[in-house]
Amino acid sequence: MALSRVCWARSAVWGSAVTPGHFVTRRLQLGRSGLAWGAPRSSKLHLSPKADVKNLMSYVVTKTKAINGKYHRFLGRHFPRFYVLYTIFMKGLQMLWADAKKARRIKTNMWKHNIKFHQLPYREMEHLRQFRQDVTKCLFLGIISIPPFANYLVFLLMYLFPRQLLIRHFWTPKQQTDFLDIYHAFRKQSHPEIISYLEKVIPLISDAGLRWRLTDLCTKIQRGTHPAIHDILALRECFSNHPLGMNQLQALHVKALSRAMLLTSYLPPPLLRHRLKTHTTVIHQLDQALAKLGIGQLTTQEVKSKLSCLSCCTTWSCSPPTTLGQGAE
């Protein structure tokens, strides 16, 4: 006992490293370091699973873009002609997908607010009309691709006949210009035939004043003079009754009108009459929507598209509305 007291006193005086609670202190340090209760915690912070997935997706997207860029450069360097077709095809798919989303948005808005087609603004109405035509042509390609190995033949046909089988999104800039010229030539070829049919039915018109006006109009057109708006509107009664009413037109006249409006003429006359009525009704509704919008608000491309539609109506075939003439003006 005396010896232990001397040791404790000496440690207190000289500051010895030996402390009275050495074993207890060491035990506490081991407990704090984790040896007593488990492994020590890491100093690094781990990301959440969502952050890990986000980083992985970002890495995959970056690598995909890099590989896609190398692939494009390879095609452009070694296969330039195929690369042009490939680029047009990919851009066409993107534009078609964008049109589909816009059409779906318009249809959803029509359904929510109970809006009819003829109540839409001009641009939305025109977008739906054009998108329906594009989808119809795409469905035709899908149907003929159903038989086994027919898709290879379809690809060949699309390459050989792009105007007939492809929609405008997959045309090259040169093809767009050339095809518009071809369509205009088709309309020009059908106009003399339509005028000849009009001249044949002039004696069947009961009103002498209308007979004279229609004869004068046909003469001006054959001489290359563009008729005035009031000359066309004065003949509305001729196209609502016999002999130029839609239901009274001859089959050859109906086929000529279908070709002028770029509609197929290889259908039975009742179907051709129905298509002409539907087509001219849509043009009339577009013209009314355009009157609300204002012609000055149209872009250059919209003006070209509108004129291509109205050029068909100058045949006075089956369009009785007055706004068609006002829209053309």
Tell me, with the steps shown, if Glu126 and Leu120 meet side chain to side chain contact (heavy atoms under 4.5 Å, CB included). CA-CA 9 Å; Glu126 175 64 22; Leu120 291 173; over 6 Å; no
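- If you chain together hydrophobic residues whose side chains sit under 4.5 Å apart, Leu249 and Met261 fall into the same group.
- Taking the side-chain contact (heavy atoms from CB on, under 4.5 Å) definition, one finds that Asn241 meets it with nothing, sequence neighbours left out.
- Between Gln119 atom CD and Lys116 atom NZ the span is 7.5 Å, to the nearest 0.5 Å.
- Legend: residues meeting side-chain contact (heavy atoms from CB on, under 4.5 Å) with Gln133, ordered by chain and number and at least two apart, are Arg129, Gln130.
- Using a 4.5 Å cut-off between side-chain heavy atoms of Ile, Leu, Val, Met, Phe, Trp and Tyr, with links allowed through other members, Val282 and Leu298 fall into the same hydrophobic cluster.
- For the salt bridge (Lys or Arg N to Asp or Glu O under 4.0 Å) condition, the pairs that include at least one residue of residues 197-224, sequence neighbours left out, are Asp216-Lys220, Lys220-Asp231.
- Remark: Leu166 CG to Cys138 SG distance equals 9.0 Å, nearest 0.5 Å.
- Note that CD of Gln175 is 11.5 Å distant from CG of Leu180, once rounded to the nearest 0.5 Å.
- We find the CD1-CD distance between Ile283 and Gln288 to be 13.0 Å, quoted to the nearest 0.5 Å.
- Annotation: side chain to side chain donor-acceptor pair (under 3.5 Å) contacts of Asp181 (sequence neighbours excluded): none.
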Can you give me every donor-acceptor pair (side chain of residues 92-100, partner residue at least two apart or in another chain, under 3.5 Å) with its distance?
unit_1 : atom_1 : unit_2 : atom_2 : d
Asp99  : OD2    : His169 : NE2    : 2.6

May I have the list of side-chain donor-acceptor pairs in residues 155-165 shorter than 3.5 Å, sequence neighbours left out?
none

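- Pairing each heavy atom of Gln297 with each of Leu293, the nearest pair is CG-O, 3.4 Å.
- Shown here are the side chain to side chain donor-acceptor pair (under 3.5 Å) partners of Arg123, two or more places apart in sequence or in another chain: Glu302.
- Counting heavy atoms of neighbouring residues, nucleotides and ligands inside a 6.0 Å radius, atom CD of Glu237 does not exceed 12 of them.
- The shortest side-chain heavy-atom distance between Asn247 and Lys277 falls under the 4.5 Å cut-off.
- The side-chain contact (heavy atoms from CB on, under 4.5 Å) test applied to Thr264 returns Tyr266, Leu267, Arg275, not counting sequence neighbours.
- Ile144 and Leu139 fall within a single hydrophobic cluster, where Ile, Leu, Val, Met, Phe, Trp and Tyr are joined by side-chain heavy atoms under 4.5 Å apart, directly or via other members.
- Using modelled atom types, no side-chain atom of Glu124 and backbone atom of Pro121 make a donor-acceptor pair closer than 3.5 Å.
- Between Leu257 atom CG and Leu252 atom CG the span is 11.0 Å, to the nearest 0.5 Å.
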N/O donor to acceptor pairs below 3.5 angstrom from side-chain atoms of residues 103-111, sequence neighbours left out:
unit_1 : atom_1 : unit_2 : atom_2 : d
Thr108 : OG1    : Arg104 : O      : 2.8
Asn109 : OD1    : His113 : ND1    : 2.8

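- Of all heavy-atom pairs between Met246 and Arg273, the closest is O-NH1, 2.7 Å.
- Identified under the ring-ring contact (aromatic ring centres under 6.0 Å, His included) test for residues 199-225, with sequence neighbours left out: none.
- Residues His284 and Thr280 fail the side-chain proximity criterion, which asks for heavy atoms closer than 4.5 Å.
- Ring geometry for Trp171 against Tyr183 counts as tilted: the plane angle lies between 30° and 60°, on a 0 to 90° scale.
- The environment of NE2 in His242 is crowded: more than 12 heavy-atom neighbours from other residues, nucleotides or ligands sit within 6.0 Å.
- Listed by chain and number, the residues in a ring pair (Phe, Tyr, Trp, His ring centres under 6.0 Å) with Phe89 are Phe170 (sequence neighbours excluded).
- The environment of Phe140 atom CZ is sparse: at most 12 non-hydrogen atoms of other residues, nucleotides or ligands sit within 6.0 angstrom.
- By the neighbour-count criterion of 12 heavy atoms within 6.0 Å, atom CD of Gln176 is densely surrounded, having more than that number from other residues, nucleotides or ligands.
- Residues Tyr197 and Phe186 are members of separate hydrophobic clusters, defined by side-chain heavy-atom contacts under 4.5 angstrom among Ile, Leu, Val, Met, Phe, Trp and Tyr.
- Leu235 and Leu244 fall within the same hydrophobic cluster, where Ile, Leu, Val, Met, Phe, Trp and Tyr residues are linked whenever their side-chain heavy atoms come under 4.5 Å apart, directly or through other members.
- In this structure Thr87 satisfies the side-chain contact (heavy atoms from CB on, under 4.5 Å) test together with Tyr83, Lys91, sequence neighbours excluded.
- Here the closest heavy-atom approach between residue Cys218 and residue Ile202 is recorded as SG-CD1, 4.5 Å.
- Atom OG in Ser190 sits 14.5 Å away from atom NZ in Lys255 (nearest 0.5 Å).
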